[in-house]
Amino acid sequence: MARRSIVKEAENLRQRLGNHPIVLVGLMGSGKSSVGRRLAEKLGLPFVDADHEIEAAAGKTIAELFADHGEPYFREGERRVIARLLGQGSQVLATGGGAFINGETRARIRQHGVSVWLKAPIDLLMKRVMKRQDRPLLKTEDPEGVMRGLIEMRYPVYAEADVIVESRDVQHGQMVNDVIRALAQWNGWKRFDND
Ligand code: S3P
């Protein structure tokens with residue numbers, strides 16, 4: 001798509017969103033934070049990373065939260081923090097990979113915003129996640145096996161997202177345009193008609 005028309009699409013999208021957030025969901029390494037940050041920039045919206053907000057609220061890193069209190073404690077904090085963030089109006093919100101799996105969080109995301117699943121192939125996910133060592137779920141002998149298990153468990157749930165965008169090994173700017181185009185074509189905007 002020509003540059004001018006993507007700018008126009010971005011403007012239209014910004015207007016259609018009104019007071020609602022775009023919520024990015026998907027596995028670790030799918031590009032939620034890096035694509036989300038650039039998407040927010042392009043739309044002139046705030047970018048919020050749910051994992052960072054959880055860390056700020058707890059005064060601990062995610063790795064520390066898992067190590068000191070266990071995963072259920074982290075999940076509870078994640079649920080609460082995302083509920084708060086969803087009340088903040090229009091923004092681009094990147095969620096941690098497990099957030100959308102919680103039914104309550106999923107319902108809340110649907111109520112407040114439009115969800116976008118960045119769906120990435122396993123080799124791209126692994127290439128990206130292996131660059132960082134701070135994800136507790138992948139601190140194991142067989143991170144790829146864990147990732148494959150998560151794909152099997154979570155993909156049917158991520159598939160409930162409003163919009164699905166294939167995450168590719170391209171510049172983030174191209175992914176941003178793919179997300180904008182996919183949202184422009186989404187036929188669910190009527191959900192927000194009665195605001
Ligand atoms: C998790 C994903 C992480 C983080 C935590 C658990 C998951 O976020 O929330 O380590 O369950 O998939 P990213 O998806 O941003 O890496």
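Both counts, for ligands and for their atoms, begin at 1 and track the order of listing. Computed over heavy atoms, backbone and side chain alike; hydrogens, waters and symmetry mates excluded.
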Mark yes when over 12 heavy atoms from residues, nucleotides or ligands other than Q171 sit less than 6.0 Å from its CD; otherwise mark no. no
Count the heavy atoms of every other residue, nucleotide or ligand shown that sit under 6.0 Å from CZ of R110, and state whether that count exceeds 12. no
With a 4.0 Å heavy-atom cut-off (strictly under), which part of I54 contacts ligand 1: side chain, backbone, both or neither? neither
Only heavy atoms count here, so choose which of S30, P136, G26 is nearest to atom 10 (O) of ligand 1. P136
Taking only heavy atoms of G98, which atoms of ligand 1 are found under 4.0 Å from at least one of them? 7 (C), 11 (O), 12 (O)
Using a strict 4.0 Å cut-off to heavy atoms of R135, name the atoms of ligand 1 that fall inside it. 16 (O)
Please verify the inter-ring angle class for H20 with F192; under 30° counts as parallel, over 60° as perpendicular, anything in between as tilted. parallel
Considering non-hydrogen atoms of the protein only, which is the closest contact for [atom], and what is the distance?
atom: atom 12 (O) of ligand 1; answer: R154 NH1, 2.7 Å
atom: atom 1 (C) of ligand 1; answer: G97 N, 3.9 Å
atom: atom 11 (O) of ligand 1; answer: R75 NH2, 2.6 Å
atom: atom 14 (O) of ligand 1; answer: K32 NZ, 2.4 Å
atom: atom 9 (O) of ligand 1; answer: D51 OD1, 3.0 Å

Begin with the C-alpha distance, continue with both residues' side-chain angles, and end with the deciding distance and a verdict on salt bridge (Lys or Arg N to Asp or Glu O under 4.0 Å) for K60 and E55. CA-CA 5 Å; K60 289 187 178 192; E55 289 181 330; over 6 Å; no
Compute the ring centroids of F100 and W117, then answer whether they are less than 6.0 Å apart. no
Does a donor on one side chain and an acceptor on the other come within less than 3.5 Å for D162 and S115? yes
Is K190 salt-bridged to D193, going by a charged N under 4.0 Å from an acidic O? no
